[in-house]
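Here the structure comes first, spelled out in structure tokens, and everything after it is commentary.
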Amino acid sequence: MLPASLDEAVAALAASPAAVPVAGGTDLMGAVNAGLLRPMALIGLGRINELRGWQYQDGAAQLGAGLTHARMGRPDFAALMPALAEAARSAGPPQVRNAGTLGGNIVTADPAGDTLPVLAALEATVTLVGPEGAREVPVSHLLTGLDPMRGGELLGYVRVPLLHAPQVFLKATGRTGPSRATASVALVLDPARRAVRCAVGAVAPVPLRPLEAEQWVSGCIDWDGERAIDPAAAAAFGEYVASACVPEPPGGDGGEVAGGAGAAAVRLRRTVSVLARRALGRALK
């Protein structure tokens with residue numbers, strides 16, 4: 001089925017509840033090719049133009065769920081949402097970025113999805129459209145299952161507040177070039193609230209917000225001056241974030257660690273600590 005509008009897509013899903021919506025198909029077709037999924041029908045969303053663009057709306061950007069990673073990586077988009085643009089640029093090789101969509105990244109909810117920690121740090125919301133109309137849900141609530149998608153609903157739009165302030169996305173991978181994140185950190189400054197917002201991706205099933213670390217480091221920044229911070233405080237912030245998001249391995253961070261899993265946990269903690277410290281430093285510069 002190839003609906004031409006969001007309303008037609010909702011109607012098609014209502015008429016065929018077993019059908020699977022597909023946009024870029026970078027995850028879904030991989031599962032099909034691997035024999036993990038055999039959908040009875042597909043609802044192609046690629047012809048719905050209203051889902052493929054973005055626009056300003058009351059101090060925020062409304063992004064269509066069909067917006068591709070390649071489009072989000074372009075300069076005009078990056079000027080307003082630099083962290084989301086950077087995450088989109090690192091989402092994979094060109095063929096993946098040209099096809100993969102923002103909505104697909106959210107609905108698939110892969111723990112290593114690059115845009116997810118950015119959306120969490122920006123406190124974005126999504127518009128879900130179904131037979132009973134549209135409703136707005138925080139991205140974090142959708143990802144954690146606090147307010148999941150209901151039967152017959154499609155993800156229509158993503159609403160991202162425009163902070164007009166420094167934003168950074170960094171990720172670590174197991175190899176050079178575009179590849180799956182082993183850990184990622186999104187960090188944004190919110191000068192109006194004198195706050196730092198941070199989210200860590202790929203280390204848990206959903207992005208994690210180290211709220212206590214955010215509150216602590218917000219009090220260490222000279223908001224009235226040059227937004228400077230003592231290097232020791234920045235390093236402590238990195239450790240704070242890592243300890244909040246990665247469980248302490250057996251034997252502790254500094255002593256003997258039992259087994260390979262413990263050593264991997266130590267490396268992951270150090271990686272998250274470095275990413276958080278560097279993200280804060282870049283944002284403040």
Side-chain angles (χ1 to χ4, degrees), residues 81-92 102 105-106 108-125 138-146 158 160-161 163 165-174 178-190 193 195-221 229 233-249 253 261-284:
M81 291 163 278
L84 192 54
E86 184 58 35
R89 292 188 191 112
S90 68
L102 177 62
N105 216 199
I106 297 170
T108 302
D110 187 307
D114 291 315
T115 66
L116 303 186
V118 181
L119 295 173
L122 289 171
E123 297 182 345
T125 60
V139 166
S140 58
H141 289 192
L142 181 67
L143 295 175
T144 59
L146 188 62
V158 182
V160 180
L163 298 178
Q167 307 168 17
V168 177
F169 172 78
L170 298 175
K171 83 178 197 179
T173 65
S179 58
R180 186 180 178 86
T182 56
S184 61
V185 168
L187 186 140
V188 301
L189 300 185
D190 189 346
R193 299 179 182 177
V196 173
R197 299 210 297 266
C198 176
V200 178
V203 302
V206 297
L208 302 177
R209 286 279 302 275
L211 298 178
E212 291 185 0
E214 291 178 2
Q215 185 176 7
W216 176 80
V217 80
S218 296
C220 298
I221 296 173
I229 190 172
F237 171 69
E239 295 293 336
Y240 206 162
V241 171
S243 63
C245 297
V246 183
E248 184 173 355
D253 233 2
V266 170
R267 290 194 297 272
L268 185 59
R269 266 199 167 199
R270 290 172 180 167
T271 298
V272 171
S273 176
V274 170
L275 290 176
R277 173 175 55 80
R278 288 179 178 173
L280 178 64
R282 292 187 185 184
L284 293 174

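All residue numbers refer to positions in the sequence shown, counting from 1.
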Response to the item:
In this structure, OG1 of Thr271 is separated from CG of Leu170 (nearest 0.5 Å) by 12.0 Å

Fill in: Closest non-hydrogen atom pair, Val200 against Val203
CG1-CG2, 3.7 Å

Worksheet item: Who passes side chain to side chain contact (heavy atoms under 4.5 Å, CB included) against Glu86, sequence neighbours left out?
Response: Arg89, Phe169

Worksheet, complete the sentence: Sorted by chain and residue number, the side chain to side chain contact (heavy atoms under 4.5 Å, CB included) partners of Ala88 (sequence neighbours excluded) come out as His69, Met72

Worksheet item: Heavy-atom distance under 4.5 Å between the side chains of Leu163 and Leu189, does that happen here?
Response: no

Worksheet entry | Pairwise side-chain contact, Ser243 with Arg269, heavy-atom cut-off 4.5 Å (strictly under) | yes

Worksheet item: Cys198 and Ala121: which non-hydrogen atoms are nearest, and at how many Å?
Response: C-CB, 4.4 Å

Discussion item. With rounding to the nearest 0.5 angstrom, report the SG to CG distance, Cys245 to Leu275.
Written reply: 11.5 Å

Worksheet item: Could you state the interatomic distance from OG (Ser273) to OH (Tyr240), rounded to the nearest 0.5 Å?
Response: 13.5 Å

Worksheet entry | salt bridge (charged side-chain N to carboxylate O under 4.0 Å, His left out) partners for Arg209, two or more places apart | Glu123, Glu214

Practice prompt. Check side chain to side chain contact (heavy atoms under 4.5 Å, CB included) between Pro138 and all other residues, then give those that pass, not counting sequence neighbours.
Written response: Ser140, His141

For residues 181-188, tabulate all N or O donor-acceptor pairs below 3.5 Å that involve a side-chain atom, not counting sequence neighbours.
{"residue": "Thr182", "atom": "OG1", "partner": "Ala172", "partner atom": "O", "Å": "3.0"}

Discussion item. Is it the case that the side chain of Lys171 and the backbone of Asp114 share a donor-acceptor pair, with hydrogens and angles ignored and the cut-off at 3.5 Å?
Written reply: no

Item to complete: With the side chain counted from C-beta on, respond yes when Leu119 and Leu102 share a heavy-atom pair under 4.5 Å apart, and no when they do not.
Response: yes

Worksheet item: Do you know the tightest heavy-atom contact between Ala233 and Ile229?
Response: CB-CG1, 3.8 Å

Practice prompt. To the nearest 0.5 angstrom, please state how far the CD1 atom of Ile106 sits from the CG atom of Leu142.
Written response: 7.5 Å

Item to complete: Applying side chain to side chain contact (heavy atoms under 4.5 Å, CB included), name anything that partners Ala195, two or more places apart in sequence or on another chain.
Response: Asp190, Arg193, Ser218

Worksheet item: Say you draw a straight line from CZ of Arg270 to CD of Glu239; how long is it, rounded to the nearest 0.5 Å?
Response: 9.5 Å

Worksheet item: What residue among Pro111, Pro207, Pro205 forms side-chain contact (heavy atoms from CB on, under 4.5 Å) with Leu143?
Response: Pro207

Discussion item. Could you check whether any side-chain N or O of Arg277 sits under 3.5 Å from a backbone N or O of Ala234, counting only pairs where one atom can act as donor and the other as acceptor?
Written reply: no

